[in-house]
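Notes follow the structure.
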Amino acid sequence: MPELPEVETIRVGLEPHLVGRTFDEVEIADPRLTRPFDPREVAAELVGERVQSLDRRGKYLVVRFESGRVLLIHLRMTGSLLLLRDESAADDPYRRAIVRLDNGSDVAYRDVRRFGTWLLLEPGELDPYLAERIGSEPLGRSLSARSLTHRIVRRRAPLKALVLDQRLFAGVGNIYADEALWWARLHPLRPGNELTPEELGALVKGIRGALRLGIARHGATLRDYRAADGAEGSMQSEFRVYGREGEPCRRCGHAIEKTRVAGRGTWYCPGCQV
Ligand SMILES: [Zn+2]
């Protein structure tokens with residue numbers, strides 16, 4: 001948390017307020033956000049940068065500046081970005097950074113657990129940085145059952161671990177992995193190399209369907225996640241398996257079970273995920 005749909009919801013909410021604006025003042029209060037770099041130096045470097053676009057790759061927010069530089073933001077566990085219109089003076093003990101834009105509005109970065117990161121990249125550094133860490137976008141055209149075959153066919157790891165692999169499915173985390181496997185009717189412990197072409201197709205469809213539903217519901221708010229305007233998401237009321245141990249499956253009525261796969265709490269339906 002937050003995963004692709006939550007980050008995308010924040011991106012969509014911020015984009016019209018950020019693009020074309022210049023960073024007038026930047027204050028970074030938490031050195032963990034920019035380490036190993038000095039937060040004051042990063043803040044000073046950001047002042048005067050004008051935003052060209054706000055993109056997303058996997059769970060990263062990509063703030064592209066007209067200078068060619070990029071501010072790469074990862075929200076990790078509990079990070080969020082909030083637009084503060086008039087009530088910018090409100091005290092928030094979890095505010096780690098604040099950006100004053102040239103139209104007078106503020107964007108605040110909030111993070112309870114403090115695992116989030118801000119990384120300022122020079123022109124040309126973004127692509128190699130991301131290429132080392134994440135694969136293609138699961139909602140993009142390059143992902144297909146055929147493109148997955150050669151990457152999954154040799155892997156005996158359980159399906160849940162493969163779906164969480166950011167090099168295979170950038171942006172998918174624990175919630176949407178469980179939901180995707182339910183939609184695909186696939187058991188989280190199935191070894192990847194046992195999947196038939198039809199099942200690979202169902203997996204791609206399940207992942208896309210779960211992510212699209214998450215975006216349509218503006219993400220899932222379990223605790224800290226908020227959209228850029230402070231609103232909660234409603235995906236949590238659409239969960240088919242995640243967090244529903246003992247409750248009936250909405251497809252077959254069997255009680256949802258919880259197990260651990262690859263160190264992560266994993267929910268599935270033993271009735272229809274074979
Ligand atoms: Zn079921």
Side-chain angles (χ1 to χ4, degrees), residues 1-9 58-59 135 137-140 143-149 151-223 225 232-274:
M1 277 292 287
E3 305 178 24
L4 187 155
E6 287 76 32
V7 179
E8 180 63 15
T9 302
K59 300 179 198 171
E137 287 293 315
L139 295 177
L143 181 76
S144 65
R146 192 188 293 176
S147 74
L148 273 181
T149 307
R151 285 183 289 169
I152 282 192
V153 78
R154 281 188 223 92
R155 302 194 44 186
R156 289 187 195 165
L159 212 37
K160 172 70 183 276
L162 293 175
V163 174
L164 287 174
D165 183 342
Q166 296 300 293
R167 289 161 180 277
L168 291 174
F169 307 103
V172 178
N174 208 38
I175 289 178
Y176 294 92
D178 283 1
E179 294 295 307
L181 290 174
W182 183 88
W183 287 105
R185 296 174 184 254
L186 292 167
H187 194 286
L189 285 172
R190 280 283 296 283
N193 61 358
E194 283 185 5
L195 291 195
T196 65
E198 292 72 29
E199 288 171 328
L200 273 175
L203 177 63
V204 170
K205 232 176 129 183
I207 287 172
R208 287 195 170 136
L211 294 174
R212 286 202 181 109
L213 185 56
I215 291 170
R217 297 292 177 268
H218 302 119
T221 297
L222 300 177
R223 291 185 61 174
Y225 162 74
E232 296 190 355
S234 62
M235 178 62 189
Q236 61 279 6
S237 61
E238 299 280 357
F239 288 162
R240 298 306 199 267
V241 285
Y242 185 85
R244 296 189 66 233
E245 186 179 10
E247 293 175 37
C249 173
R250 284 166 69 171
R251 191 162 49 202
C252 75
H254 206 288
I256 302 300
E257 288 185 7
K258 185 186 181 187
T259 183
R260 279 192 96 73
V261 185
R264 308 295 298 274
T266 296
W267 288 264
Y268 67 101
C269 172
C272 60
Q273 288 177 259
V274 290

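Any value given below was found using the heavy atoms of this structure, including those in side chains, with hydrogens, waters and symmetry copies removed. We count ligands from 1, going down the list as the structure has it; atoms in each ligand are counted the same way.
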| Applying the side chain to side chain contact (heavy atoms under 4.5 Å, CB included) test to Glu137, which of Leu143, Leu4, Leu211 qualifies? |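 Exactly one candidate clears the test, Leu4.
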
| Metal environment of the Zn ion (ligand 1), protein N/O/S under 2.8 Å |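 N, O, S partners closer than 2.8 Å: Cys249 SG, Cys252 SG, Cys269 SG, Cys272 SG.
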
| query | Do any N or O atoms from the side chain of Glu6 and from the backbone of Tyr225 form a donor-acceptor pair under 3.5 angstrom? | reply |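 Pair absent, no side-chain N/O of Glu6 close to backbone of Tyr225.
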
| field | Polar side-chain atom of Gln166 near backbone of Leu164 as donor-acceptor pair, under 3.5 Å | value |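 Between the backbone of Leu164 and the side chain of Gln166 there is a qualifying donor-acceptor contact (under 3.5 Å).
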
| Salt bridge flag under 4.0 Å for residues Asp178 and Lys160 |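 Salt bridge flag = yes for Lys160 with Asp178.
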
| request: Working to the nearest 0.5 Å, report the span between CG of Leu162 and CG of Leu148. | output: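 Separation between the atoms: 9.5 Å.
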
For residues 267-274, dump all side-chain donor-acceptor pairs below 3.5 Å to protein atoms at least two apart in sequence or in another chain.
{"unit_1": "Tyr268", "atom_1": "OH", "unit_2": "Glu257", "atom_2": "OE1", "d": "3.2"}
{"unit_1": "Gln273", "atom_1": "OE1", "unit_2": "Cys269", "atom_2": "N", "d": "2.7"}
{"unit_1": "Gln273", "atom_1": "NE2", "unit_2": "Leu181", "atom_2": "O", "d": "3.3"}
{"unit_1": "Gln273", "atom_1": "NE2", "unit_2": "Leu186", "atom_2": "O", "d": "2.8"}

